[in-house]
Amino acid sequence: MIRKIFREGFAAGVLGLGALSLGSSLGSAAELRAVELSASDDGAQLTLDLSEGAQHKLFSLEHPDRVVVDLPNTHLADGVRAPGPEGVVTEVRFGAQPDGTLRVVAELKSALPAHSGWVPDEEGHRLILTIGAPVAPAAPKAVRTPHAPGEGDRDVIIAVDAGHGGEDPGAIGRGGTREKDVTLAIARALAQRIDAEPGMRAVLTRDRDEFLELRERIRRAHAAHADMFISVHADSIRDRSVSGASVYVLSVHGASSEAARWLAERENAADLAAGARRDDQSTLEPVLIDAAQNQIIGVSASAAERVMSALEGVGEVRKAQVQRAGFVVLKSRDIPSMLIETAYISNPAEERRLRSAREQARFADAIAGGLRSYFTQNPPDGTRFKQEHRGSLVSAGGAALAATP
Ligand SMILES: [Zn+2]
């Protein structure tokens with residue numbers, strides 16, 4: 001059976017034969033935990049998240065044209081579903097072979113070259129299969145979490161990060177309002193609303209006037225197993241007439257505007273301004289992006305869009321588009337993250353709003369509403385939210401375990 005398939009594979013032209021030895025992980029059973037597809041009319045990217053690396057074989061077959069990946073000694077985790085058809089990919093299916101090999105088949109509209117590569121991540125191993133022309137990975141349907149996928153009733157955890165603190169006051173308004181105080185007030189109000197949401201729970205990175213390095217904020221979100229990281233700010237800008245909210249995600253290639261780049265540089269300087277890490281220039285390093293982080297940014301951007309449109313309901317939005325820049329605080333490699341500039345403390349009217357408990361509550365309501373809307377459509381695996389909002393999800397096609405190539 002296997003030999004026949006190999007002959008067939010070579011006859012059809014083996015386009016890539018990936019085999020990677022990963023030492024001690026060989027021989028122990030691996031689990032395929034998630035499969036994501038993003039495709040266009042001339043290319044596709046299939047992302048396979050495994051519990052560990054495995055020797056894999058990639059080959060293509062004809063009639064119909066398809067790309068096949070064999071993962072020896074691998075099984076499919078409970079609840080993993082095949083992505084539905086998209087672009088050049090007409091079907092993705094799984095097949096468990098008698099020898100314990102898990103076969104993943106992507107059926108194509110036409111023959112295309114394929115290659116594969118491993119991307120190590122913190123929780124397991126990710127195999128990325130590129131078919132035809134490269135495709136920018138779309139936002140995955142589920143947020144990656146450190147928890148096993150499948151059924152479960154854990155809460156969706158949101159890390160709420162009040163910007164600045166301690167010896168770093170952040171921006172200061174003309175009326176003397178300090179950014180670090182309003183970010184803490186809004187963060188607390190937001191955490192209350194998240195906690196009031198069934199199936200959601202907030203974790204504050206700081207709940208007092210405390211200086212935290214940017215990376216410590218990410219570390220605390222990790223320690224809490226957060227599904228999302230929200231950094232709350234209210235910065236100033238030289239032009240005091242500028243007003244309105246903005247939402248930022250990490251940039252892939254430079255900032256979306258000069259103003260966004262300038263803001264990111266200022267936020268990144270928070271560590272230095274407070275005297276920490278003077279000998280460590282890591283905050284000034286360029287942001288390194290790989291496929292895994294690219295995917296996290298995609299998730300961040302779709303969540304940020306929901307928050308953005310919720311903020312539009314509260315008042316003015318400065319730019320009706322999610323902005324991008326190289327914020328260090330958004331650099332988590334596995335937690336989707338966004339930075340929200342609720343309003344400009346440099347604008348006298350907005351400074352008054354930021355001081356008002358009623359207005360702080362309105363910001364918190366809007367952000368919580370945006371998050372609820374995002375997680376209703378994209379509930380992470382293993383959460384009560386997923387069980388309760390299953391009905392609102394569009395079926396993405398089922399896994400056919402009996403599938404043959
Ligand atoms: Zn700030």
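For ligands, and for the atoms within them, numbers begin at 1 and follow the listed sequence.
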Practice item. From the options R217, K180, R215, select the one residue that forms a salt bridge (charged side-chain N to carboxylate O under 4.0 Å, His left out) with D161. Key: R217
Practice item. Keeping the roles fixed (side chain from D227, backbone from V156), state whether a donor-acceptor pair exists under 3.5 Å. Key: no
Exercise for review: Could you please give the number of protein N/O/S atoms within less than 2.8 Å of the Zn ion (ligand 1)?
Suggested key: 5
**Study point:** Inter- and intrachain pairs under ring pair (Phe, Tyr, Trp, His ring centres under 6.0 Å), touching residues 153-205, at least two apart
**Key:** H164-H233
Check your understanding: Taking only residues two or more places apart in sequence or in another chain, which ones pass salt bridge (Lys or Arg N to Asp or Glu O under 4.0 Å) with R352?
Key -> none
Check your understanding: Considering the options V247, L311, V232, which one meets the side-chain contact (heavy atoms from CB on, under 4.5 Å) requirement together with T342?
Key -> V232
**Study point:** Pairs touching residues 340-360 that satisfy ring pair (Phe, Tyr, Trp, His ring centres under 6.0 Å), sequence neighbours left out
**Key:** none
